[in-house]
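Before any comments, here is the structure.
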2 protein chains.
Amino acid sequence: MIPQKTFSEVIADGEGIFQPSVSLDCVIFGFHENELKVLLIKARTTDHWALPGGFVFKEEDLDDAATRVLKERTGINDIFLQQFHVFGSANRSDWNIHRSNLKKDGIEIGPNHWLLKRFITVGYYALVEFAHVIATPDSSSEDCKWWDINEIDELFMDHKQILDKALDTLRLQLNHLPIGYNLLPQKFTMPELQKLYETILNKTLDRRNFQRRITGFGILKRLKETRKGGAHRAPFLYSFDMRKYRKALKQGLHGGW
Amino acid sequence: MIPQKTFSEVIADGEGIFQPSVSLDCVIFGFHENELKVLLIKARTTDHWALPGGFVFKEEDLDDAATRVLKERTGINDIFLQQFHVFGSANRSDWNIHRSNLKKDGIEIGPNHWLLKRFITVGYYALVEFAHVIATPDSSSEDCKWWDINEIDELFMDHKQILDKALDTLRLQLNHLPIGYNLLPQKFTMPELQKLYETILNKTLDRRNFQRRITGFGILKRLKETRKGGAHRAPFLYSFDMRKYRKALKQGLHGGW
DNA sequence: CTTCTATTGCGTCATTATGACACAATGCTA
DNA sequence: TAGCATTGTGTCATAATGACGCAATAGAAG
């Protein structure tokens with residue numbers, strides 16, 4: 001994999017190359033087999049899984065850093081990526097645990113090492129097409145894989161809290177923004193789109209009312225093909241009308257006042 | 001006012017007492033004479049007005065730091081305060097201007113001074129009752145006062161951009177959350193509440209439909225008094241039903257899906 | 001003290017959006 | 001070829017919304 005040396009170098013030089021005090025963590029959502037998934041990494045230095053994260057280079061925009069982290073873990077560039085909250089409790093990290101864990105990994109750091117300092121982390125969430133992702137561990141991690149949302153109990157530090165907040169935000173966004181382009185393949189069926197919504201919201205929706213509403217937004221194009229092979233009546237395939245989809249992304253969906 | 005000494009001390013010791021790299025700025029909204037106002041400060045070191053802001057003490061929660069800044073500028077404790085965005089462009093500040101300006105103020109700092117470093121700032125917005133605010137400049141400022149939203153063209157650094165984003169957020173929140181408790185006096189009339197909404201949204205609303213909708217939320221209590229002296233028919237006074245108001249704050253207003 | 005006027009309280013009506021549900025069409029399976 | 005689960009399409013009652021009418025009222029004008 002990525003040579004250990006790089007990792008050590010980063011650990012040693014971090015203070016010189018990263019913006020101090022600030023980190024970012026990404027909640028990367030994917031949709032597969034009717035389940036909402038999140039990409040997690042397993043650092044060698046802890047027993048818990050964690051959100052993919054990173055630090056900000058001294059001359060790098062915060063948003064660019066998030067894009068970089070995402071690209072590194074998934075290989076994907078052009079995706080939906082949005083910051084949603086900053087987590088800034090003074091006691092959110094217990095880096096001394098991290099220190100002893102690093103020791104297990106053969107890396108010793110002093111008590112004033114930059115990694116042990118307090119970090120304020122910016123939460124980003126991303127929507128990606130599951131099949132396009134090449135899950136890639138970072139240099140400090142031994143694994144990187146998808147987890148079902150419902151199978152995640154405990155994560156590293158406050159990452160579970162960050163994940164929950166991301167999910168709340170996603171559910172809210174579902175009311176304003178068209179969601180789906182970044183989570184589904186190019187062509188998809190109405191039941192698939194509905195299942196996506198149901199999975200995110202964690203509740204069932206009426207099939208016919210869902211279709212009426214979602215088509216009412218005018219962001220879908222029904223293709224002339226159907227998805228055959230499904231043991232029953234073949235549903236039509238749809239794709240997003242990107243002109244109207246983007247317009248809806250900018251203007252929002254219903255208005256309100 | 002606050003002694004210059006404190007300011008110099010902070011300038012000198014900042015690196016030791018503040019979390020590096022991180023700052024926060026508050027967009028404090030108030031409503032007065034049918035206008036939406038924002039509290040701004042005028043630092044001695046620049047010609048531009050700026051959002052009240054500050055840094056985070058090393059052992060202080062980020063949210064607590066925002067509350068503290070707000071308390072310091074307004075004297076108010078218990079208010080609506082929420083982070084809305086992080087501004088993290090690498091080039092968002094040109095602190096060299098700041099340096100030469102500090103010089104004018106009689107304070108010299110070296111080229112590697114902590115104030116000249118790059119800061120990532122967390123934007124908070126607050127809703128406060130205009131009449132309760134005691135606008136208080138901080139130690140680096142010569143003035144602190146309310147500005148009409150529409151009279152603000154240019155601000156210090158990227159603060160105008162931050163203000164605009166706060167306003168966007170407030171307009172969005174208007175669709176989910178009950179707004180008003182923190183911006184209006186205890187008792188208010190329906191036209192006053194409507195004017196608040198119209199001012200925030202920057203559009204007119206139908207008087208009768210507005211009343212139907214807002215009362216439909218069930219967060220208002222109509223009192224038995226009317227506001228006399230207004231040259232025409234006296235409107236009823238209302239106040240918020242705090243039990244239902246808080247419930248609406250937690251659950252949101254419409255739902256959507 | 002009466003009249004005038006702008007504003008408020010309360011209502012109607014047509015249109016649209018929503019929730020609940022019925023039924024026929026279709027593609028695989030037996 | 002019949003059975004069956006699923007999809008396409010539609011109906012109906014109800015709720016929410018937008019546009020607007022009219023009488024009540026408190027101060028101002030005379």
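Proteins get letters first, then strands, A, B, ... in listed order; numbering begins at 1 in each. What you see is a predicted model; the values in this text were computed from it and never measured.
F236(B) has its CZ atom 8 Å from the C1' atom of dG9(C), to the nearest Å. In this structure, Q194(B) places its CD atom 12 Å from C1' of dT7(C), rounding to the nearest Å. Between the NE2 atom of H232(A) and the C1' atom of dC28(C) there is a distance of 7 Å, rounded to whole Å. In this structure, the CZ atom of R227(B) is 22 Å from the P atom of dA6(C), given to the nearest Å. Distance, H254(A) NE2 to dA16(D) P: 15 Å, rounded to whole Å. Distance M190(A) CE to dA25(C) P: 21 Å, rounded to the nearest Å. In this structure, the CG atom of L193(A) is 17 Å from the C1' atom of dT6(D), given to the nearest Å. In this structure, E192(B) places its CD atom 13 Å from C1' of dT8(C), rounding to the nearest Å.
Residues S239(B) and L223(B) share a closest heavy-atom pair of OG-CD2, 3.8 Å. Contact detail for F29(B) and I149(B): the closest heavy-atom pair is CE2-CD1, 3.8 Å. In terms of heavy-atom proximity, R92(A) sits nearest to F87(A) at CD-O, 3.4 Å.
Among the nucleotides dA6(C), dT7(D), dG8(D), the one closest to any side-chain atom of P191(A) is dT7(D). Of the candidate nucleotides dG8(D), dA26(D), dC28(C), dG8(D) has the atom nearest to the side chain of R222(A). Checking dG9(C), dG27(D), dG8(D) against every side-chain atom of A231(B), the shortest atom distance belongs to dG27(D).
Note on D241(A) versus K221(A): no salt bridge recorded, every NZ/NE/NH1/NH2 to OD/OE distance being 4.0 Å or above. We find that D206(B) and R208(B) are joined by a salt bridge, their nearest charged nitrogen and carboxylate oxygen being less than 4.0 Å apart.
Against DNA chain D, the stretch residues 206-214 of chain B makes heavy-atom approaches under 4.0 Å through D206(B), R208(B), N209(B), R212(B), R213(B).
Interface remark: the R233(A) side chain does not form any donor-acceptor pair with the dT26(C) base, using a distance-only criterion of under 3.5 Å.
As judged by a 4.0 angstrom heavy-atom cut-off over every strand, G229(B) is placed among residues touching the sugar-phosphate backbone only.
With no hydrogens or angles considered, a side-chain donor-acceptor pair links H176(B) and H176(A) at under 3.5 Å.
A donor-acceptor pair under 3.5 Å links the side-chain atoms of T189(A) to the main chain of E192(A), judged by distance alone.
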